[in-house]
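Reading through the structure tokens given below for one structure.
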Amino acid sequence: MDAGTEQLRIGELSRRTGVSTELLRAWERRYGLLRPSRTDGGFRLYSPADERRVSLMRSHLQHGLSAAEAARLTLTEADGDGRPQDEPLLQRRAQELREALNDLDESAAQSALDSAFAEFAPETVLSNLVLPYLHELGERWASGDASVGQEHFASQLLRGRLLGLARGWDRGAGPRALLACAPGELHDLGLIAFGLALRARGWRITYLGQDTPLETLAETARSLGPEAIVISAASPDRFVRSGAELRRVASTANVWLAGPGASAALAKKANAAFLNVDPLAAADRVAATRA
Amino acid sequence: MDAGTEQLRIGELSRRTGVSTELLRAWERRYGLLRPSRTDGGFRLYSPADERRVSLMRSHLQHGLSAAEAARLTLTEADGDGRPQDEPLLQRRAQELREALNDLDESAAQSALDSAFAEFAPETVLSNLVLPYLHELGERWASGDASVGQEHFASQLLRGRLLGLARGWDRGAGPRALLACAPGELHDLGLIAFGLALRARGWRITYLGQDTPLETLAETARSLGPEAIVISAASPDRFVRSGAELRRVASTANVWLAGPGASAALAKKANAAFLNVDPLAAADRVAATRA
Amino acid sequence: MDAGTEQLRIGELSRRTGVSTELLRAWERRYGLLRPSRTDGGFRLYSPADERRVSLMRSHLQHGLSAAEAARLTLTEADGDGRPQDEPLLQRRAQELREALNDLDESAAQSALDSAFAEFAPETVLSNLVLPYLHELGERWASGDASVGQEHFASQLLRGRLLGLARGWDRGAGPRALLACAPGELHDLGLIAFGLALRARGWRITYLGQDTPLETLAETARSLGPEAIVISAASPDRFVRSGAELRRVASTANVWLAGPGASAALAKKANAAFLNVDPLAAADRVAATRA
DNA sequence: ATAGGTTTTGTCAAGCTTTTGTACAT
DNA sequence: ATGTACAAAAGCTTGACAAAACCTAT
């Protein structure tokens, strides 16, 4: 068990922390600050975690907080920081984001994202927070667990965030990719994430967004001459309905079908390439064609 | 309106301008130079505009004018002091933006917007660059002059921009507004601009975005209890199709119909209020209900 | 939600803000300036937001406003997120950043930067907020107007922010640049800004940081074979002292000298190219060599 | 410019309650 | 070790007050 952890008795804890034994007991009684185990005879045995809590408590008192407040803070900090200590920071941010979005709390969501983007690389945030949340939301929604309001709220907020990251993604001298959602398709977040990932690999992105008619796509492709065209859809019908036009576009350029709606069969039929679902891996594949 | 402007008492104005309090009162009495508001107790409260007038007055006196003359001049000058010089710059930014968007040149567009937001107040940029461009694009598109690619590209880019400005728009303590596009409706930029303007008037915004089912809206409204609900659509059918549900939502909350698709008749039928087209004026109207 | 926020009692708030407890209560009673929660026993508990309000109030009083006016302003500013709405955004953010950094207020500084980066392109933020602030700080410091603490605080915070943006800047397929500060040189913010700008132009960046021995630089260059090497220093001595070694490095690669310490003469002597001072313009020049 | 009256605002006091560290009896 | 007691420190409310700032009218 925890054979290796040192267990202090109250006198020793008092000596180490400079807090009188009476006070330690009072803190335990009044605020539940400490949770010592006991010897058979009833003596308190404090763990290192208890010792940390006492120092935290003292530091808060030093800063002028009232004892009640200091204890409250100490407990929430120690719990949210100490026990799931092994739980990575990333998990915590994910949890914060999830709660904020579910509560329709915009600024909390933004600040969770701010923290995450400050602490991790953009792709890490995408692959560990944003995309998993979208996935989860899709499933909860399919099973009737999420309100559609949450879905709308979340996707709008995340869209704004991702488009913010996208700013300037057409600059530079790399190969150019043209991105669009299939006709009728509104789910564009995965495609934007893909664009960001491809951008990080040095490509220039031109993004046409949701519900792009293939005629539009073809025209734009003619004027830009992109190295790759990526068309995304969340459901297969989007591709099915425009099979003929897809073939036509694909005959003049390097076209990929992506998103949950894409499949190897559909791609083959359209004479296009098939892009496996995960946007980040997809970026690797497309980038590899020009390495 | 000018909730955020500092109002000085006579002593501080005197200290700042170096004009005795008696004289300030005399100028007000004799020439109507100043028009301070009053506290409940009767103390004068001067606005920054008053402060400017006093400096102007002093400078005229310095140049040897009689007090009466100086006052007359000050009053006429202070009114005609605003924009005209800025106008060309604004036009230039508008032109830069237009060209960049038409060329699908993302970074040029972004930097035109950067310049504009650096040089002008947010609402000025909205009302002089963004909204006019959208309007123009709509017309060109209707007449077949704009490629759909341009429209897609521009609206996606502007959406990212506006959502960036929107960050934190749910914070604070003001009344809350719930915003959504009608079912099937994808044109959300006007609604976002409206949200930004309402935000600037102290409201908190919750935004559900494109194509929001009315059931979703109703549910979200129940949990948030917003002061106002604004539903936008670019074409009337969106509203027509969901007439019955609209009535139901409107029966429990303060609902406004907005966007080019709204009309007084439709609003009346739905038992909702009608919001005239311009997003900024609309924000004024909604804000006025709670002033 | 805000389980982790510290709540102050009135005495501590008084001590921190320098406002007597009686006055704090009077402000609450008369103007509703503060809205403390209460303990079960009825003691007031103030949030960090309350603390901010008190400082704002004090600052307004300092500027000569009457208490009633100061309170009104404080409330509208603090609740409505912010400030005069009719000012160009960029100026507002610059002012917020400046105040926050001068007050050593980290979270206010971060949120000013969050807003700025959401609203503007990274380069715009760099060239309009970050670099000017650094410049200004340098001058204030030279004239004894700024404390060393402020300088450390600001540069630490900004460095963290910029390095956050820099994440992943070595990815992709563009030409590679190797960046380093000259031996002994610790001012690296300008160089990082330069790196970011070059990254936006499609380059890959390898960054060696402060105080890089030229031997290290040469070795790294041998193994990476960069397209360009940029060495930065804030004062000329850094370059002077390592003249011979500089020549050697420059003989095998394309070397640029940058930063306020660089000059055409020094560069010529080292057989390197001279990079004009502004990091963003510098990025344009370097990028142009490979367009 | 002065006189005489009013408003605003910071401070103080009295009497009572809550909080919290320490002490003591079991 | 526990539980109770206690007293100093910190807070609360109500009410009042006086200096500073401001008003109008002469």
Side-chain angles (χ1 to χ4, degrees), chain A residues 8-14 17-34 36-46 54 57-58 60-62 64-72 74, chain B residues 7-16 19-26 28-30 34 36-46, chain C residues 7-34 36-46 54 57-58 60-62 64-72 74:
Chain A
L8 306 174
R9 287 207 307 215
I10 198 169
E12 179 58 16
L13 181 61
S14 166
T17 58
V19 176
S20 74
T21 59
E22 290 89 350
L23 191 46
L24 287 172
R25 281 191 281 258
W27 284 351
E28 177 184 335
R29 183 169 13 101
R30 290 181 182 150
Y31 316 117
L33 184 74
L34 304 169
S37 57
R38 301 283 183 140
T39 66
D40 294 343
F43 283 13
R44 273 169 246 260
L45 289 180
Y46 295 96
V54 175
M57 177 83 183
R58 276 186 48 116
H60 286 145
L61 288 176
Q62 197 79 39
L65 296 190
S66 70
E69 269 306 304
R72 195 184 57 80
T74 299
Chain B
Q7 303 276 93
L8 305 177
R9 288 197 308 204
I10 198 170
E12 177 63 16
L13 181 61
S14 164
R15 222 163 301 131
R16 292 195 185 183
V19 177
S20 76
T21 61
E22 291 85 357
L23 192 46
L24 288 172
R25 281 190 281 255
E28 175 184 336
R29 184 163 17 93
R30 294 186 192 136
L34 304 169
S37 57
R38 300 277 183 144
T39 68
D40 293 341
F43 284 17
R44 288 173 174 81
L45 290 179
Y46 296 96
Chain C
Q7 303 275 93
L8 305 176
R9 289 199 306 204
I10 198 170
E12 178 61 17
L13 181 61
S14 166
R15 226 163 297 133
R16 292 196 185 181
T17 58
V19 176
S20 73
T21 60
E22 290 89 353
L23 191 45
L24 288 172
R25 281 190 282 253
W27 283 351
E28 177 185 335
R29 183 168 13 100
R30 292 179 181 150
Y31 317 116
L33 184 73
L34 304 169
S37 57
R38 301 277 184 143
T39 67
D40 293 341
F43 282 18
R44 288 173 174 80
L45 290 180
Y46 295 96
V54 175
M57 175 84 183
R58 278 186 46 118
H60 286 144
L61 288 177
Q62 199 78 39
L65 296 190
S66 71
E69 269 307 304
R72 194 183 57 79
T74 298

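Below, chains carry the letters A, B, ... as their sequence lines are ordered, and counting in each starts from 1. Side chains are part of it too, since the values below use all heavy atoms of this structure and drop only hydrogens, waters and symmetry mates.
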From the options E:dA21, E:dT13, D:dG10, select the nucleotide whose nearest atom is closest to the side chain of C:Ala67. D:dG10
Do the side-chain N or O atoms of C:Ser66 get closer than 4.0 angstrom to the phosphate oxygens (OP1, OP2) of D:dT9? yes
Figure out the CD/P separation between C:Glu12 and D:dT20, and round it to whole Å. 14 Å
For the side chain of A:Leu23, starting at C-beta, report the closest nucleotide among E:dG11, D:dT11, D:dG21. D:dG21
Rounded to whole Å, the CG-C1' distance (A:Leu45 to E:dA1) equals 13 Å
In whole angstrom, what separates B:Gln7's CD from E:dA21's P? 20 Å
Whole Å only: how far is the CD1 atom of B:Ile10 from the C1' atom of D:dT8? 15 Å
Is any side-chain N of the basic residue among A:Glu69 and A:Arg72 closer than 4.0 Å to the acidic one's carboxylate O? yes
Can you tell which of D:dT19, D:dG21, E:dC22 lies closest to the side chain of A:Leu61? D:dG21
So which atom in C:Ser14 and which in C:Ser20 form the shortest heavy-atom distance, rounded to 0.1 Å? OG-CA, 3.9 Å
Should A:Trp27 be listed as having a side-chain N or O under 4.0 Å from OP1 or OP2 of D:dG21? yes
Whole Å only: how far is the CD atom of B:Glu28 from the P atom of E:dA25? 13 Å
Carefully, step by step, assess C:Trp27 and C:Val19 under the rule side chain to side chain contact (heavy atoms under 4.5 Å, CB included). CA-CA 10 Å; C:Trp27 283 351; C:Val19 176; 3.9 Å; yes
To the nearest Å, give me how far apart CD (C:Glu69) and P (E:dC22) are. 13 Å
Distance, nearest 0.5 Å, that separates CG of A:Leu13 from OH of A:Tyr46: 6.0 Å
How long is the span from the CZ atom in C:Arg25 to the CZ atom in C:Arg44, to the nearest 0.5 Å? 5.5 Å
Is it the case that D:dG10 (base atoms only) and C:Arg30 (side chain only) share a donor and an acceptor within less than 3.5 Å, ignoring hydrogens and angles? yes
Among the nucleotides D:dT19, E:dC22, D:dT2, which one has an atom lying closest to any side-chain atom of C:Arg9? D:dT19
Using whole Å, report how far CZ of C:Arg72 lies from C1' of D:dT8. 16 Å
Side chain of B:Glu22 only, heavy atoms from C-beta on: which candidate in D:dT22, D:dT11, D:dT2 is closest? D:dT2
Closest nucleotide among E:dC22, D:dT11, E:dC12 to the B:Phe43 side chain: E:dC22
Base, sugar-phosphate or nothing for A:Arg38? Non-hydrogen atoms, less than 4.0 Å. sugar-phosphate
Salt bridge or not between C:Arg15 and C:Glu12? Use side-chain N to carboxylate O under 4.0 Å. yes
Candidates E:dC22, D:dA23, E:dG11 - which lies nearest the side chain of C:Arg25: E:dG11
5'-most by nearest nucleotide on DNA chain E - C:Arg15 or B:Gly41: C:Arg15
Which part of the nucleic acid does B:Arg29 contact within heavy-atom distance under 4.0 Å: base, sugar-phosphate only, or nothing? nothing
Under 4.0 Å between a side-chain N or O of C:Arg44 and OP1 or OP2 of E:dT13? yes
Starting at CG of A:Leu65 and ending at P of E:dG11, how long is that distance when rounded to a whole Å? 12 Å
Does a side-chain N or O of C:Thr39 approach OP1 or OP2 of D:dT19 to a distance below 4.0 Å, or not? yes
